[in-house]
Amino acid sequence: LVTGVQTCALPIFAPGIFLLHSWRRGTLSTPATRKVLAACFLLSALVAAVHLTSFFHSATTFAKSNLEGSYVGGFSTHLMNLPFLLGFYLKMLVYPSPLTAWHMADVRMAANAEVLVAWLLLLGAIAALLARGSREVIFWAAWFVGFLAPVLQLIPNLTWVAERYLYIPAIGIFVLSGQLLLAIHSRRFLSLSVPAKPETKMLYPPPDMPSPSSRAASARSCPAKSS
């Protein structure tokens, strides 16, 4: 589906998407779904074990000689830059510029007010999504973040950011954008609908409706019921 690091990591992170998909459809409690998910996670664990073994126990691989040395600042620094990496990919979906094979990432090496605000915005967005979002919205948002997770610099990777990493994660944002446009269109359509005509008094009754005088005459001709 894609090349590079994502190709190796997709079998590891895809079962999480399958899990969310079953949760979205409400089939997570069925025995058949649980068996399939268990098999997917078992296969994922095997792929992860092979990948990590080849990374840490080979003295001649490009990964061991270069990736370990490129993990600048350690895990805390990479975690600190997580909101900015997500912001970069969201920005590239809206305004994909500049396009280049080698992006220069602005890495924050120390905690400051900018990092604090970025993390508050990210945590606030997650809290609002979990509190107000439907299962459909949560699923597609998790699709975007889940398939980006392998390249969010939490694991060693020489390339900090690249637009090619958006090939599969972008599907989630496109679906959410389409749902938002449909919701806006439906509300606009309802607001522009032709209003109902106001009630008007009938100046002349229909031909089959008796006039007030004939109704009064028929009432006089009918004998009153004795109590």
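Under a hydrophobic clustering in which Ile, Leu, Val, Met, Phe, Trp and Tyr are joined whenever their side-chain heavy atoms come within less than 4.5 Å, directly or via other members, Tyr165 and Phe174 fall into the same cluster. The hydrophobic cluster containing Leu181 does not contain Leu90, counting ILVMFWY residues as joined when their side-chain heavy atoms lie under 4.5 angstrom apart, directly or transitively. Under a hydrophobic clustering in which Ile, Leu, Val, Met, Phe, Trp and Tyr are joined whenever their side-chain heavy atoms come within less than 4.5 Å, directly or via other members, Leu123 and Leu116 fall into different clusters. Grouping the Ile, Leu, Val, Met, Phe, Trp and Tyr side chains by contacts below 4.5 angstrom, directly or via other members, places Ile171 with Leu166. Val115 and Leu120 are members of different hydrophobic clusters when ILVMFWY side chains are connected at heavy-atom separations under 4.5 Å.
The CG atom of Leu93 lies 10.0 Å from the CZ atom of Phe88; values are rounded to the nearest 0.5 Å. Put simply, CG on Leu82 and CD on Gln153 are 10.5 Å apart, with the number rounded to the nearest 0.5 Å. Taking CZ from Arg34 and OG1 from Thr27, the interatomic distance works out to 11.0 Å, rounded to the nearest 0.5 Å. Atom CD of Glu163 and atom OG of Ser97 lie 10.0 Å apart (nearest 0.5 Å).
The side-chain heavy atoms of Leu148 and Val145, taken from C-beta on, include no pair separated by under 4.5 Å. Between Val151 and Trp160, the closest side-chain pair of non-hydrogen atoms is not below 4.5 Å. Between Leu121 and Pro83, every side-chain heavy-atom pair lies at or beyond the 4.5 Å cut-off. Between Ser76 and Leu79, every side-chain heavy-atom pair lies at or beyond the 4.5 Å cut-off.
For the residue pair Thr30 / Thr33, a side-chain donor-acceptor distance below 3.5 Å is found, with atom types taken as modelled.
Environment of CZ in Arg135: crowded, with over 12 heavy atoms of neighbouring residues, nucleotides or ligands closer than 6.0 Å. Within 6.0 Å of atom CZ in Phe18, 12 or fewer heavy atoms from other residues, nucleotides or ligands are found, so the atom counts as exposed in its surroundings.
No donor-acceptor pair under 3.5 Å is formed between the side chain of Asn81 and the backbone N or O of Phe84. Trp143 contributes no side-chain N or O that, together with a main-chain N or O of Leu20, makes up a donor-acceptor pair within less than 3.5 Å. At least one donor-acceptor pair under 3.5 Å links the side chain of Arg108 to the backbone N or O of Asp106.
Ring to ring, Trp140 and His21 are not that close: their centroids are 6.0 angstrom or more apart.
Here the shortest heavy-atom pairing between Tyr89 and Val161 reads OH-CA, 3.4 Å. Residues Ile17 and Phe139 approach most closely at O-CE1, 3.7 Å, considering heavy atoms. Of all heavy-atom pairs spanning Cys40 and Pro15, the tightest one is O-CG, 3.6 Å. Nearest approach of Ala141 to Leu129, heavy atoms of both residues: CB-CD2, 3.7 Å.
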Item to check | side-chain contact (heavy atoms from CB on, under 4.5 Å) evaluation trace for Phe144 with Ile168 | outcome: CA-CA 8 Å; Phe144 173 72; Ile168 295 178; over 6 Å; no
